[in-house]
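Quick caveat, the model's predicted, so the values are computed rather than measured.
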Amino acid sequence: MTDFIPVNQPLLDGKEKQYLNECIDTGWISSEGPFIQRFESEFAARVNRKHGIAVTNGSAALDAAIVALGIGPGDEVILPTFTIISCAAAIVRAGATPVLVDSDPLTWNMDVSAIAAKITPKSKAIMVVHIYGLPVDLDPVLKLAHQHGLWVIEDAAEMHGQTYKGEPCGSFGDISTFSFYPNKHITTGEGGMLVTNNDALANRCRSLRNLCFQPQKRFIHEELGWNLRMTNLQAALGLAQLERLDEFAARKRRMGQHYTQLLSELPGLELPVAATAYAESIYWVYGIVLKEEVPFDAAEAMRRLGQHQIGTRPFFWGMHEQPVFKKMGLFEGETYPVAERLSRRGFYVPSGMALTPSQVEQVVTAVKNALK
Ligand SMILES: *Cc1c(COP(=O)(O)O)cnc(C)c1O
């Protein structure tokens, strides 16, 4: 019996321990410590942005981005239906309306050709979300946003180290956001970051992160913020991880290519697209979609892989099919067939940073046996 292979395990064998010890030795453990600014400025520089604002997680970064852009009741934001709840939740919590588009069947990213038809006089922003490995085709999105005076929010939570036409993901939005959850390419345990070149937006984000305390009249508030402050301990981890981002991106690409090489012999599987005209996949996770000829769905495949000691996760479930939004009367009668198929037929296999080539081989053997 082989050991269980979890869906994700991070690699923490760089300077993480050294930097964490520095926090303990100096007593700097809150958000006031010196690693915060170092992590913010080095992370922002890495994605060609002027400002980085570290926060508690990637979902909170999206909440702050929406509010910082002044999006609220009466406004519409266009986003993919096939994404994490955080994206739509940020819009709904701000009192605005999410407007959905379907996915591209090959890249699994939002179908950018479907955006134009969704623009109305109420549209305020397009939220692009890079999904699983390949970036969204950004040029058409940026062009539409420019033509219609819309903000672009770029959710780059899965794309540290990825580029679009040679420029870093996270360098394209009016505000771009990242997550540092342990399954992301670099982790702080929990954590997130907003990045922007816009001084005023950066100040808004910093204020929203810190309860909208005012510099002169600290306890008098003109606006409601949150406490979204990252700790120095988390930033210490983040800095140590950031130092290895190139190596981590290369590891992920090798892992993805290894999976594809071994799995492409198997019938019935749709594998991730290795490259588009604008990027090579970074395989944040290695997704598999069961073709119609496979007589069961992703839930059954995952159950069988579990019996073979392989951890898996289902693909995202479309926002238009979320019970919580249906109860709010959102997306009534809307269907997005590509996303619906991905949710039912897709899942991902272990793809964490610590995964070894021999574990990849074990997973592939299990997939062969489980899908017979
Ligand atoms: C992980 C993720 C988030 C949320 O980040 P958390 O840090 O887990 O809150 C948001 N968007 C995308 C696309 C993600 O993958």
Side-chain angles (χ1 to χ4, degrees), residues 10 12-69 86 90 93 155-157 160 170 173-245:
L12 301 168
D13 53 356
K15 291 197 176 150
E16 288 81 1
K17 223 178 245 176
Q18 179 193 326
Y19 291 169
L20 280 173
N21 277 337
E22 245 177 88
C23 300
I24 311 261
D25 292 343
T26 58
W28 284 114
I29 56 171
S30 77
S31 59
E32 295 285 312
F35 279 116
I36 293 285
Q37 283 192 9
R38 273 179 73 188
F39 183 44
E40 286 180 337
S41 62
E42 289 185 28
F43 189 87
R46 178 68 213 226
V47 292
N48 295 347
R49 305 315 289 262
K50 192 169 167 191
H51 303 282
I53 299 100
V55 293
T56 45
N57 56 68
S59 306
L62 289 166
D63 282 321
I66 290 284
V67 174
L69 291 169
S86 316
R93 286 214 179 93
D155 182 350
H160 326 63
D174 291 288
I175 298 181
S176 303
T177 63
F178 287 89
S179 162
F180 305 118
Y181 189 71
N183 64 355
K184 306 299 157 87
H185 297 148
I186 68 175
T187 182
T188 60
E190 298 284 351
M193 182 96 72
L194 299 118
V195 294
T196 181
N197 288 339
N198 181 314
D199 298 343
L201 285 177
N203 283 336
R204 296 257 311 141
C205 292
R206 285 197 189 98
S207 176
L208 288 165
R209 164 178 75 177
N210 197 25
L211 294 168
C212 296
F213 285 132
Q214 299 200 81
Q216 308 304 332
K217 301 168 282 177
R218 184 170 177 85
F219 291 111
I220 300 174
H221 300 262
E222 299 286 344
E223 250 192 299
L224 288 181
W226 302 270
N227 176 355
L228 306 179
R229 301 184 304 259
M230 179 185 269
T231 68
N232 200 50
L233 295 158
Q234 292 166 305
L237 270 180
L239 193 67
Q241 292 265 298
L242 182 59
E243 289 170 0
R244 301 176 70 186
L245 181 52

Query - Contacts of type side-chain hydrogen bond (donor to acceptor under 3.5 Å, both in side chains), residue Asn197, not counting sequence neighbours - result: Arg49

Query raised in the report: Taking atom NZ of Lys184 and atom OG of Ser179, what is their separation to the nearest 0.5 Å?
Result: 3.5 Å

**Report entry** Heavy-atom closest contact (Ile220 atom, Gln214 atom, distance)
**Finding:** O-NE2, 2.7 Å

**Report entry** Check: Thr177 side chain, Leu194 main-chain N or O, donor-acceptor pair, under 3.5 Å
**Finding:** no

Report summary line: Closest heavy-atom pair, Ser176 versus Gly173, reported as atoms and distance to 0.1 Å, is OG-N, 3.1 Å

In a table with atom names and distances, give each donor-acceptor pair under 3.5 Å that connects a side chain of residues 52-61 to protein atoms at least two apart or in another chain.
| residue | atom | partner | partner atom | Å |
| --- | --- | --- | --- | --- |
| Asn57 | OD1 | Ser59 | N | 3.1 |
| Asn57 | OD1 | Ala60 | N | 2.6 |
| Ser59 | OG | Ser86 | OG | 2.8 |

Requested in this report: Any chance you could measure Cys205, atom SG, to Leu228, atom CG, to the nearest 0.5 Å?
Outcome: 10.0 Å

Query raised in the report: Can you list the residues that meet the ring pair (Phe, Tyr, Trp, His ring centres under 6.0 Å) rule with Tyr19, with sequence neighbours excluded?
Result: Phe35

Query raised in the report: So Lys50 and Asp199, side-chain contact (heavy atoms from CB on, under 4.5 Å) or not? Walk me through it.
Result: CA-CA 8 Å; Lys50 192 169 167 191; Asp199 298 343; 2.7 Å; yes

Report summary line: What one should report as the nearest heavy-atom pair of Leu233 and Leu20 is O-CD2, 3.4 Å

Requested in this report: Taking Arg229 for its side chain and Glu32 for its backbone only, find out whether a donor-acceptor pair lies under 3.5 Å.
Outcome: no

**Report entry** Heavy-atom side-chain proximity of Arg209 to Trp226 below 4.5 angstrom
**Finding:** no

Query raised in the report: To the nearest 0.5 Å, what is the distance between OG (Ser31) and CD1 (Ile36)?
Result: 6.5 Å

Requested in this report: With sequence neighbours left out, write down each residue that passes salt bridge (Lys or Arg N to Asp or Glu O under 4.0 Å) with Asp25, or none if nothing qualifies.
Outcome: none

Report task. Might you point out which heavy atoms bring Gly238 and Ile186 nearest each other, and give the distance in Å? Result -> O-CD1, 4.3 Å

Query - Closest contact, heavy atoms only, Leu201 versus Ala68 - result: CD2-O, 3.6 Å

Report task. Could you tell me the separation between the OG1 atom of Thr187 and the CD atom of Glu16, rounded to the nearest 0.5 Å? Result -> 9.5 Å

Requested in this report: Spell out, as yes or no, whether a donor-acceptor pair under 3.5 Å connects the side chain of Thr196 to the backbone of Ile175.
Outcome: no

Query raised in the report: Does His160 use its side chain to pair, donor to acceptor, with the backbone of Phe178 at less than 3.5 Å?
Result: no

Query - Interatomic distance, Leu239 atom CG to Glu42 atom CD [nearest 0.5 angstrom] - result: 5.0 Å

Query raised in the report: By side chain to side chain contact (heavy atoms under 4.5 Å, CB included), which residues pair with Gln18, not counting sequence neighbours?
Result: Lys15, Glu22

Report task. Determine, stepwise, if the pair Val67 / Arg204 fulfils side-chain contact (heavy atoms from CB on, under 4.5 Å). Result -> CA-CA 9 Å; Val67 174; Arg204 296 257 311 141; 4.3 Å; yes

Report summary line: Across all chains, not counting sequence neighbours, the side-chain hydrogen bond (donor to acceptor under 3.5 Å, both in side chains) partners of Thr231 are Gln234

Query - Distance (rounded to the nearest 0.5 Å) between Leu245 CG and His185 NE2 - result: 8.5 Å

Query raised in the report: What do the steps show when you test Asn198 against Asp174 for side-chain contact (heavy atoms from CB on, under 4.5 Å), and what is the final call?
Result: CA-CA 7 Å; Asn198 181 314; Asp174 291 288; over 6 Å; no

Query raised in the report: Parallel, tilted or perpendicular: which describes the rings of Phe39 and Phe180, with under 30° parallel and over 60° perpendicular?
Result: tilted

Query raised in the report: Taking C-beta and beyond as the side chain, do Glu40 and Val195 meet within less than 4.5 Å on heavy atoms?
Result: no

